[in-house]
Amino acid sequence: MRANGDLHGKPAVFVTGRADAILPINHTSRPYVGLNRRVEGKHSGLRYYEILNAHHLDVLNGFPGIAERYVPLHHYYFQALDLVWEHLTEKRPLPPSQVVRTMPRGNLTTPLGEANLPAISPEPVPQDRIVFTGSQLRIPE
């Protein structure tokens, strides 16, 4: 696959689970976000949301041993779609790129709540912001 990183300033959102072992973020989302920022610079409309304790195979989260350690990534897909819709229809700015710090439920029977699935923040704290500095994408732990 070849990519040039040029989205022509169009708004776009990447939502990626940091715990994805099949599509490792260092070989998928992160390089593209860095390439896009290198090509488009401050004119980029791309936002990148990296979700802790998540992977793209949410169907596995229903199994014991897995459900206790991960949160559903699809929750953030829907939220990102809503954010893009609000950006396009109401001219609301897309939240900056950020790490979203989720908390696994610890037990399959424990319901997921806001503490487990915090929202993508319109103003993330500085230590959660993903930034492009010089020629490097800086991603918090």
Side-chain angles (χ1 to χ4, degrees), residues 1-108 110-141:
M1 183 173 110
R2 294 176 64 98
N4 66 12
D6 191 356
L7 296 174
H8 306 284
K10 293 182 177 118
V13 173
F14 281 14
V15 178
T16 305
R18 187 177 280 184
D20 203 317
I22 295 172
L23 298 171
I25 55 178
N26 279 336
H27 302 288
T28 54
S29 302
R30 286 177 176 177
Y32 188 87
V33 172
L35 175 63
N36 171 262
R37 286 305 301 252
R38 209 171 52 179
V39 169
E40 293 191 335
K42 295 183 184 211
H43 301 292
S44 173
L46 177 60
R47 300 299 183 272
Y48 177 49
Y49 308 126
E50 196 167 288
I51 314 301
L52 295 185
N53 307 304
H55 55 87
H56 79 278
L57 294 172
D58 282 349
V59 69
L60 298 177
N61 290 353
F63 293 103
I66 297 176
E68 295 85 0
R69 297 183 313 203
Y70 300 105
V71 298
L73 188 59
H74 77 272
H75 171 80
Y76 292 99
Y77 292 150
F78 291 133
Q79 186 180 4
L81 286 171
D82 289 341
L83 291 169
V84 171
W85 178 254
E86 291 167 356
H87 176 71
L88 295 173
T89 62
E90 300 171 23
K91 305 294 186 224
R92 288 189 192 173
L94 287 171
S97 297
Q98 61 192 271
V99 172
V100 179
R101 299 187 184 283
T102 66
M103 183 174 25
R105 65 177 117 196
N107 186 324
L108 181 59
T110 302
L112 288 165
E114 192 174 322
N116 305 101
L117 300 168
I120 296 169
S121 175
E123 288 294 326
V125 295
Q127 59 266 32
D128 289 343
R129 286 182 183 243
I130 297 172
V131 296
F132 190 76
T133 306
S135 62
Q136 291 186 333
L137 189 63
R138 304 271 177 161
I139 301 175
E141 284 295 319

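From a predicted model like this one, the values you see are computed outputs, not experimental measurements. Numbering starts at 1 and runs along the sequence shown. In what follows, every heavy atom counts, from backbone to side chain, and hydrogens, waters and symmetry copies are set aside.
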Approximate separation, where rounding is to 0.5 Å, of [X] [atom1] and [Y] [atom2]:
X: Leu7; Y: Asn36; atom1: CG; atom2: CG; answer: 5.0 Å
X: Asn4; Y: Leu35; atom1: CG; atom2: CG; answer: 7.0 Å
X: Leu57; Y: Asp20; atom1: CG; atom2: CG; answer: 6.5 Å
X: Arg47; Y: Tyr49; atom1: CZ; atom2: OH; answer: 6.5 Å
X: His75; Y: Ile51; atom1: NE2; atom2: CD1; answer: 8.5 Å
X: Thr28; Y: His56; atom1: OG1; atom2: NE2; answer: 9.5 Å

Can you check whether [Y]'s main-chain N or O pairs, donor with acceptor, with [X]'s side chain at less than 3.5 Å?
X: Thr102; Y: Val71; result: no
X: His8; Y: Lys10; result: no
X: Asp58; Y: His74; result: yes
X: Glu40; Y: Gly9; result: yes
X: Ser29; Y: Ile25; result: no
X: Gln79; Y: Ile120; result: yes

Practice problem: Output every pair passing ring-ring contact (aromatic ring centres under 6.0 Å, His included) with a member in residues 119-141, not counting sequence neighbours, ordered by first then second residue. | Solution: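 Every pair satisfying ring-ring contact (aromatic ring centres under 6.0 Å, His included) with a residue in residues 119-141: there are none.
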I want to check something: taking the side chain as every heavy atom from C-beta on, are [X] and [Y] in contact at a cut-off of under 4.5 Å?
X: Pro118; Y: Val100; value: yes
X: Asn53; Y: Arg69; value: no
X: Val131; Y: Gln136; value: no
X: Pro124; Y: Arg101; value: no
X: Leu83; Y: Pro122; value: no

Practice problem: Could you check Ile130 against Leu137 for side chain to side chain contact (heavy atoms under 4.5 Å, CB included), going step by step and ending with a plain yes or no? | Solution: CA-CA 7 Å; Ile130 297 172; Leu137 189 63; 3.8 Å; yes
Quiz item: What do you reckon, is CD of Glu114 surrounded by more than 12 foreign heavy atoms closer than 6.0 Å?
Solution: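 Not buried by this count: 12 neighbours or fewer within 6.0 Å.
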Quiz item: Can you check side chain to side chain contact (heavy atoms under 4.5 Å, CB included) on Lys42 and Arg37, steps first, answer last?
Solution: CA-CA 7 Å; Lys42 295 183 184 211; Arg37 286 305 301 252; 4.3 Å; yes
Quiz item: Taking only residues at least two apart or on different chains, which pairs with a member in residues 116-125 satisfy side-chain hydrogen bond (donor to acceptor under 3.5 Å, both in side chains)?
Solution: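 Of all non-adjacent pairs touching residues 116-125, those that pass side-chain hydrogen bond (donor to acceptor under 3.5 Å, both in side chains) are Glu123-Arg129.
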Quiz item: If you look only at pairs with a residue in residues 80-90, which of them pass as a side-chain hydrogen bond (donor to acceptor under 3.5 Å, both in side chains), with sequence neighbours excluded?
Solution: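 Matches after skipping sequence neighbours: Glu86-Arg92, Glu90-Arg92.
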Quiz item: In terms of side-chain heavy atoms, does His55 have a donor or acceptor partner in Asn61 at a distance below 3.5 Å?
Solution: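 Short answer, yes.
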Quiz item: Taking atom types as modelled, is there a side-chain donor on Tyr48 or Glu50 under 3.5 Å from an acceptor on the other?
Solution: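 Side chains of Tyr48 and Glu50: pair found under 3.5 Å.
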Exercise. Kindly give the heavy-atom pair with the smallest separation between Gly45 and Leu94, and that separation in Å.
Key: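 For Gly45 and Leu94, the tightest heavy-atom pair comes out as O-CD1, 4.0 Å.
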Quiz item: Going through the distances and angles, do Phe14 and Tyr32 end up as a ring pair (Phe, Tyr, Trp, His ring centres under 6.0 Å)?
Solution: CA-CA 10 Å; Phe14 281 14; Tyr32 188 87; 5.6 Å; yes
Quiz item: Can you list the steps and then say if Leu46 with Val13 is a side chain to side chain contact (heavy atoms under 4.5 Å, CB included)?
Solution: CA-CA 6 Å; Leu46 177 60; Val13 173; 5.9 Å; no
